[in-house]
Amino acid sequence: MRLSNFFIPTQKEDPTDAVVASHILMIRSGMIKQLTSGVYSYLPLGYIVFRKIEQIIREEMNAIGGNEFLLPALSPNELWHETGRLEDYGDTMFRIKNRELVLAPTHEEVFTSIAKPNLVSYKDLPKMWYQIQTKFRNEARPRSGVLRGRQFTMKDAYSFDATWEGLDESYKDQDKAYKNIFTRCGLDFFSVTACSGAMGGSESEEFMVESNAGEDIVAISDNGSYSSNIEVAVSFKDKIGRKNSNLNYEEFHTPNVKSIDELADSLNLNDKSRLAKSRVFVDPSKDENAKDEYILVLVCGDDEVNETKLQNLVSLAIRPGHPEELLQVTGADAGSIGPIGLKNKNVRIVADHLLEDADELISGANKNDYHIKNIDLKRDVANIEYHDLRVVKDGELTFDKKSKIKITKAIEVGHIFKLGTKYAEALGALFLDKDGKENPIIMGSYGIGVERIAAAYIEQNHDKNGIIWSGEIAPFNVHLISVNANDENVRETSDKLYELLSNKSLDILYDDRVDVRPGFKFMDADLIGVPIQVIVGEKNLKDNNIEIKIRRTGERIIVGREQVIEKVNELLT
RNA sequence: CGGGAUGUAGCGUAGUCCGGUAGCGCGCCUCGUUCGGGACGAGGAGGUCGUGGGUUCAAAUCCCGCCAUCCCGACCA
């Protein structure tokens with residue numbers, strides 16, 4: 001590609017709206033341009049990269065027997081209503097105003113609707129279907145460039161199996177394909193156990209790239225044996241246990257104490273573990289006849305409630321109580337709430353395992369400005385349940401006690417999970433087994449964010465001058481620079497090299513611009529970040545030499561003009 | 001959806017407090033000199049100051065509404 005004929009609007013200055021490195025560099029290098037919040041135009045350079053990523057995905061999906069589809073982005077409300085997701089997805093789904101259609105945020109329903117009339121016998125199974133499609137999600141707050149957009153490209157695959165063992169196999173195939181894909185894309189990645197969330201399903205794994213730009217928080221063990229999304233992460237920690245002093249509980253005055261920290265300060269305590277933190281959650285009623293359910297959650301004062309774990313225990317719909325609700329249910333405002341003396345007696349009380357049967361606890365009195373000490377959960381709180389409800393913290397032991405846990409931020413680039421029969425049942429996608437019995441098809445769902453891979457790669461591979469591409473997703477293999485295209489010898493040599501290199505089926509970006517000064521070309525080259533720069537300049541050419549620069553290291557190699565092709569090929573292998 | 005910030009030429013911004021000629025850098029056009037790390041000189045084009053209303057002799061500037069974008073949070077397969 002001749003740069004004189006390539007639309008690539010590079011920018012010297014950082015765009016004011018971009019914060020994370022990948023976003024800044026994608027804009028500066030002319031890969032993308034924002035149209036509106038969360039929506040980006042893909043300019044030629046960006047589109048080349050995204051297509052290369054897609055191609056890798058395609059090859060790996062085909063390698064495990066995948067069939068590529070392209071499904072519509074528009075789909076009828078009716079189809080989503082059948083699985084209940086028209087309601088469940090809520091505002092995250094774009095809805096068409098002048099037709100009963102939505103813009104699909106994912107494609108379980110559509111794929112299942114194709115499976116239904118076609119996959120009717122166990123002989124038709126298993127199947128692995130996928131597509132690479134634009135998805136639409138009305139994200140409340142798009143951010144970080146293409147890392148969270150309202151419109152983005154996703155590879156979504158779905159497996160259809162007759163047996164649960166078959167699903168295990170399909171899942172394993174995808175897992176392996178994902179590892180190949182991210183490796184070929186040059187990502188430093190890891191996988192974590194995850195929560196399948198509102199999608200429904202059981203086993204679930206996310207593929208993560210460690211990065212401060214990420215929105216996910218993960219727990220990884222030092223020895224690499226454990227990695228998990230913080231939402232479901234567990235660690236080993238001793239219960240705080242009993243002191244058995246058998247003191248009666250008593251109320252005491254705590255004016256202006258609104259938080260655990262203030263409570264600890266007022267009592268001159270460093271260890272906050274026996275200050276039981278109380279939070280009230282609401283499980284909203286599902287219909288008008290039923291009442292909202294309230295849940296009081298207790299964790300140690302130095303812990304936080306893990307809302308995902310609570311969701312898995314109670315209901316996906318739970319939310320923290322509003323201030324009015326807290327007052328109404330407990331009799332106090334946040335900061336003075338505890339397990340004893342709740343105004344509403346029907347509150348479900350659940351506590352974290354660490355508090356199991358603990359005594360000598362201090363918690364709110366359900367009366368503003370008062371707390372209660374010497375609470376014995378075993379003695380004083382009837383019907384209390386214990387579950388794992390805390391957020392794992394940095395530095396804690398892994399559950400097997402063999403390693404320590406590190407908490408870090410990460411970008412989710414892929415997610416695979418076992419859906420089971422939820423969609424097949426909802427849509428009536430049934431097949432006949434060997435015994436002639438009707439069963440729902442067992443499904444798996446597997447997604448990859450295409451643009452996210454590029455962004456995650458840039459987060460991991462850039463320096464102050466720009467992007468550092470390498471391997472298969474580099475938009476070009478070689479950036480050929482004609483330092484001064486006005487010089488006849490330089491121009492002719494560069495033109496010739498362009499021809500020779502192109503013949504080797506390499507992708508070459510050729511800076512043949514005549515009116516651009518050398519410094520400008522060099523800066524552009526470093527910004528765009530093609531792995532190898534071949535620099536044709538007057539001075540070296542006088543000695544029949546040509547310079548090769550390695551973008552990542554900055555290393556410069558001078559070779560004779562006849563050895564360029566050989567050297568480039570050597571460097572690229 | 002809550003909190004915060006911003007909106008002035010393609011990009012980055014000053015001016016806003018204290019009302020009175022819209023300014024600068026980059027980029028762009030012309031000419032000349034340059035030509036190995038985002039050159040220099042001279043000349044030039046480009047702006048309904050986000051938008052609607054109000055106050056005023058006069059509004060980028062003050063007041064009210066709306067819209068948009070970004071950040072934090074909530075939310076999010």
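Protein chains get the first letters and strands the later ones, always in sequence-line order, with residue 1 at the start of each.
- The NZ-P distance, from Lys542(A) to rG36(B), rounds to 11 Å in whole Å.
- When the C1' atom is compared between rA77(B) and rG3(B), the two are found 28 Å apart, to the nearest whole Å.
- Between Phe69(A) and Tyr130(A), the ring center distance fails the sub-6.0 Å criterion.
- Nearest nucleotide to the side chain of Arg148(A), out of rG36(B), rC72(B), rC76(B): rC76(B).
- Taking the ring centroids of Tyr42(A) and Phe50(A), they lie under the 6.0 Å cut-off.
- Evaluation of atom-type donor-acceptor distances gives a pair under 3.5 Å for the side chain of Asp526(A) against the base of rG37(B).
- Comparing rA77(B), rG38(B), rA68(B) by their nearest atom to the side chain of His415(A) picks out rA77(B).
- The residue Arg556(A) sits close to a base: some heavy atom pair falls under 4.0 Å.
- Taking atom CG of Asp216(A) as the reference point, atom P of rC75(B) lies 14 Å away to the nearest angstrom.
- The CZ-P distance, from Phe417(A) to rA77(B), rounds to 10 Å in whole Å.
- Using a 4.0 Å heavy-atom cutoff across all strands shown, Lys549(A) reaches at least one base atom of the nucleic acid.
- In this structure, the nucleotide among rG36(B), rG73(B), rC75(B) sitting nearest to the side chain of Pro518(A) is rG36(B).
- In this structure, Arg28(A) reaches the bases: a heavy-atom distance under 4.0 Å links it to at least one base atom across the strands shown.
- Between the P atom of rC1(B) and the NE2 atom of His322(A) lies a distance of 15 Å, rounded to the nearest Å.
- Rounded to whole Å, atom C1' of rC75(B) lies 12 Å from atom CD of Glu231(A).
- Within 4.0 Å of Pro320(A), counting heavy atoms only, lies no atom of the nucleic acid at all.
- In this pair, Phe111(A) and Trp129(A) present their aromatic rings tilted. The plane angle is within the 30 to 60° band.
- Counting only N and O atoms by type, the side chains of Glu108(A) and Ser445(A) include a donor and acceptor under 3.5 Å apart.
- The residue Val19(A) sits close only to the backbone: its heavy atoms come under 4.0 Å of sugar-phosphate atoms, none of a base.
- At a threshold of 4.0 angstrom between heavy atoms, the contacts of Gly447(A) with the nucleic acid are absent.
- In this structure, Asp91(A) places its CG atom 18 Å from P of rA74(B), rounding to the nearest Å.
- Not a single donor-acceptor pair, N or O on each side, falls under 3.5 Å between the base of rG36(B) and the side chain of Asn484(A).
- If you check every strand for non-hydrogen atoms under 4.0 Å, Asp524(A) touches a base.
- Of the listed nucleotides (rC75(B), rU69(B), rG36(B)), rC75(B) has the atom at the smallest distance from the side chain of Arg143(A).
- Evaluation of atom-type donor-acceptor distances gives a pair under 3.5 Å for the side chain of Glu13(A) against the base of rG25(B).
- Going from the P atom of rC76(B) to that of rG4(B) covers 24 Å, rounded to whole Å.
- Looking at the side chain of Glu412(A), the nearest of the listed nucleotides rG38(B), rC70(B), rA77(B) is rA77(B).
- Nearest heavy atom pair, residue Glu205(A) against residue His415(A), reads O-CD2, 3.2 Å.
- Taking 3.5 Å as the limit, the base of rG36(B) and the side chain of Glu547(A) contain a donor-acceptor pair of atoms between them.
- Shortest non-hydrogen contact noted between Val413(A) and Ala456(A) is CG1-CB, 4.0 Å.
- You'll find that the side chain of Arg517(A) is closest to rC35(B), out of rC35(B), rG38(B), rA68(B).
- No contact: Thr308(A) has no heavy atom under 4.0 Å from any strand.
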